[in-house]
Amino acid sequence: MSTADETSANLAHIVYFTLTDRSTEARDALIAACREHLSGHEGEVYFSVGHLAEQYQRPVNDRDFDVALHVVFDSVKAHDAYQVAPRHLKFIEQNKPTWAKVRVFDSIIGA
């Protein structure tokens, strides 16, 4: 795929958060913060946030996270604008102290 194709393709932004406090209350608070600050951005075509599916414990399941965020943007440009959007930056500022680890997976999809 060429770079030109990528600029018009969707971008999937998937983030896995591992919390320092891995309680249900801490998990639910981060999920609520994601909904408040990270949904409804310009160019968003899909948003979801949820927690680890405890029942799946196969050897292939990565279980080193508490909350998973899934946002699909209609373009790389929309994703890049989201990264510097005030609501996104406020989310990071308010919630970063609760994170033990964050893993981000960005991929070009639908091209």
message: Quick check: closest heavy atoms across Gly43 and Ala78, and the distance to 0.1 Å?
response: CA-CB, 3.9 Å
query: Do the side chain of Arg27 and the main chain of Asp21 share a donor and acceptor less than 3.5 angstrom apart?
result: no
statement: Heavy-atom closest pair (Ile31 atom, Gly50 atom, distance to 0.1 Å) is CD1-C, 4.0 Å
message: Working note: Val71 + Ile14, criterion side chain to side chain contact (heavy atoms under 4.5 Å, CB included); need CA distance, chi angles, decisive distance, verdict.
response: CA-CA 6 Å; Val71 186; Ile14 313 301; over 6 Å; no
query: What's the verdict on salt bridge (Lys or Arg N to Asp or Glu O under 4.0 Å) for Arg103 and Asp62, showing C-alpha distance, side-chain angles and the deciding distance?
result: CA-CA 12 Å; Arg103 293 177 293 152; Asp62 184 333; 2.9 Å; yes
- prompt: Side-chain donor-acceptor pair under 3.5 Å between Thr18 and Tyr16, yes or no?
  reply: no
query: Under 3.5 Å, is there a donor-acceptor pair between the side chain of Thr20 and the main chain of Thr98?
result: yes
statement: Note: Arg87 and Leu38 closest approach over all heavy atoms is NH2-N, 3.9 Å
message: Checking Leu11 against Val72 for the side chain to side chain contact (heavy atoms under 4.5 Å, CB included) test, could you report, in this order, the C-alpha distance in whole Å, the side-chain angles of both residues, the deciding distance, and whether it holds?
response: CA-CA 6 Å; Leu11 187 138; Val72 176; over 6 Å; no
field: Shared hydrophobic cluster, Ile92 / Val104 (ILVMFWY, side-chain heavy atoms < 4.5 Å)
entry: yes
field: Phe105 with Phe65, same ILVMFWY side-chain cluster at under 4.5 Å
entry: yes
query: Do the rings of His41 and Tyr82 sit parallel, tilted or perpendicular, given the 30° and 60° boundaries?
result: perpendicular
message: Do Leu30 and Leu19 have side chains that approach each other closer than 4.5 Å (heavy atoms only, starting at C-beta)?
response: yes
query: Is there a chain of hydrophobic side chains (I, L, V, M, F, W, Y, each step under 4.5 Å between heavy atoms) that links Tyr46 to Val49?
result: no
- request: Indicate yes or no: at least one non-hydrogen side-chain atom of Arg35 is less than 4.5 angstrom from one of Phe47.
  value: yes
- request: Look up atom CG in Asp28 and atom OG in Ser23, then write down how far apart they are to the nearest 0.5 Å.
  value: 8.5 Å
Flag if over 12 foreign heavy atoms under 6.0 Å of CD, Gln94: yes
- request: Take Arg22 and Asp66 through the test salt bridge (Lys or Arg N to Asp or Glu O under 4.0 Å) and record every step on the way to the result.
  value: CA-CA 7 Å; Arg22 300 189 81 179; Asp66 299 293; 2.9 Å; yes
message: Could you go through His88 and His37, starting from their C-alpha distance and side-chain angles, then the distance that decides it, and tell me whether this counts as side chain to side chain contact (heavy atoms under 4.5 Å, CB included)?
response: CA-CA 6 Å; His88 181 253; His37 297 288; over 6 Å; no
- prompt: Do you know which two heavy atoms are closest between Pro97 and Glu93, and how far apart they sit?
  reply: CD-O, 3.8 Å
query: Are any side-chain N or O atoms of Glu44 and backbone N or O atoms of Gly40, one a donor and one an acceptor, separated by less than 3.5 Å?
result: yes
- line: Nearest heavy-atom contact between Ala12 and Ile109 is CB-CD1, 3.9 Å
query: How close do His13 and Phe73 get, heavy atom to heavy atom, and via which atoms?
result: CB-CE1, 4.0 Å
query: Transitively linked via ILVMFWY side-chain contacts under 4.5 Å: Val15 with Val67?
result: yes
- prompt: For the atom pair CG (Asp80) and OG (Ser75), what is the distance rounded to the nearest 0.5 Å?
  reply: 8.0 Å
